[in-house]
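Bear in mind the structure is a predicted one, so any value in this text is a computation, not a measurement.
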Amino acid sequence: PPPEGMVFVPPGIYRMGDDETEPGQTVTLPHGFYIDQHEVTRREYGEFLRATGQSTPPALASLFVEAEADSALPIQGVTSDEASAYAAWAGKILPTEEMFECAARGQDGLKYPWGNEWNPKAAVFGFGPTAAGDATKDKSPCGAVHMAGNVAEWTSTETTGVPQLLPRLGVPPSGAEAQKPDRKSV
């Protein structure tokens, strides 16, 4: 069984990208991996801050008032370095962009986590956020929720213009190298 709070993304060949606006590609995951079923919550991030003795980053201070300290809402506003530090503390990794997309779309290469038809009510867009894991239809084939909506999430892939929000975390089932997709098969 997967570690608590995580779902398994099986090995295989996955479609990437949007065939309508860019050439589709494939990525081969020679090994499966685990990914958090939902975003990191304020409560979980608060546990990290307390356990490591780190002070609350100024940008997050308003999220940790007493009434919200145990919130199931996803943490927002952390930097890439803060997200990486949390992942290391939790014994996990930030997924790559490829890992995240594979977990979101499944091996059938769905256009959206819930299927191929757009449904604005399937995910939390433009309002919220809602509690982590409190998804209705925004659930991927592997069982991860909020893969399309709720809050933006960090990956370990270097890009520009990425919102500063905490990631869904992944961990390989065996060994650190198992989590890396074979990009040569793209």
Next item on the list: Could you pull out the closest heavy-atom pair between A83 and L94, with the gap in Å?
Entry: O-CD2, 4.0 Å
Checklist line | Exam field: side chain D138 to backbone A122, donor-acceptor pair closer than 3.5 Å | finding: no
Next item on the list: Applying salt bridge (Lys or Arg N to Asp or Glu O under 4.0 Å), name anything that partners E101, two or more places apart in sequence or on another chain.
Entry: R105
Next item on the list: Identify the heavy atoms of V27 and C102 that sit nearest to each other, and give their distance.
Entry: CG1-SG, 3.6 Å
Notebook entry, point to check: Considering only heavy atoms from C-beta outward, does the side chain of Y86 approach that of K92 to under 4.5 Å?
Noted result: no
Item checked: pair T52-W89: side-chain heavy atoms closer than 4.5 Å -> yes
Notebook entry, point to check: What closest approach, in Å, do P141 and P113 show between heavy atoms, and which atom pair accounts for it?
Noted result: CD-O, 3.8 Å
Margin query: To check you understand the geometry: which heavy-atom pair defines the closest contact between A131 and L73, and what is its length?
Written below: N-CD2, 3.6 Å
Note to self: Any heavy-atom pair between the side chains of L110 and N116 that's under 4.5 Å?
What the structure shows: yes
Item checked: Minimum heavy-atom distance between P10 and L29, given as atom pair plus value -> O-CD1, 4.3 Å
Note to self: With heavy-atom distances below 4.5 Å as the criterion, would you say the side chains of F100 and T157 are in contact?
What the structure shows: no
Notebook entry, point to check: So, T26 side chain and I13 main chain: donor-acceptor pair closer than 3.5 Å or not?
Noted result: no
Margin query: If the condition is side chain to side chain contact (heavy atoms under 4.5 Å, CB included), which residues does P2 pass it with, not counting sequence neighbours?
Written below: Y34
Check: How far does OG1 of T28 sit from OH of Y14, to the nearest 0.5 angstrom?
Finding: 10.5 Å
Next item on the list: Quick one: pull up CD in E44 and CG in L49 and give me the separation to the nearest 0.5 Å.
Entry: 12.5 Å
Next item on the list: Could you label the plane-to-plane angle of the Y112 and W114 rings as parallel, tilted or perpendicular, counting under 30° as parallel and over 60° as perpendicular?
Entry: parallel
Notebook entry, point to check: Should E82 and Y45 count as side-chain neighbours, where that means a heavy-atom distance under 4.5 Å?
Noted result: yes
Notebook entry, point to check: Looking at CD1 of I75 and CZ of F48, how far apart are the two atoms once the value is rounded to the nearest 0.5 Å?
Noted result: 10.5 Å
Notebook entry, point to check: Measuring from Q76:CD to E39:CD, what's the distance to the nearest 0.5 Å?
Noted result: 9.5 Å
Notebook entry, point to check: Are H146 and V124 side-chain neighbours, meaning at least one heavy-atom pair lies under 4.5 Å?
Noted result: yes
Item checked: Distance-minimising heavy-atom pair for A132 and H38 -> CB-ND1, 3.4 Å
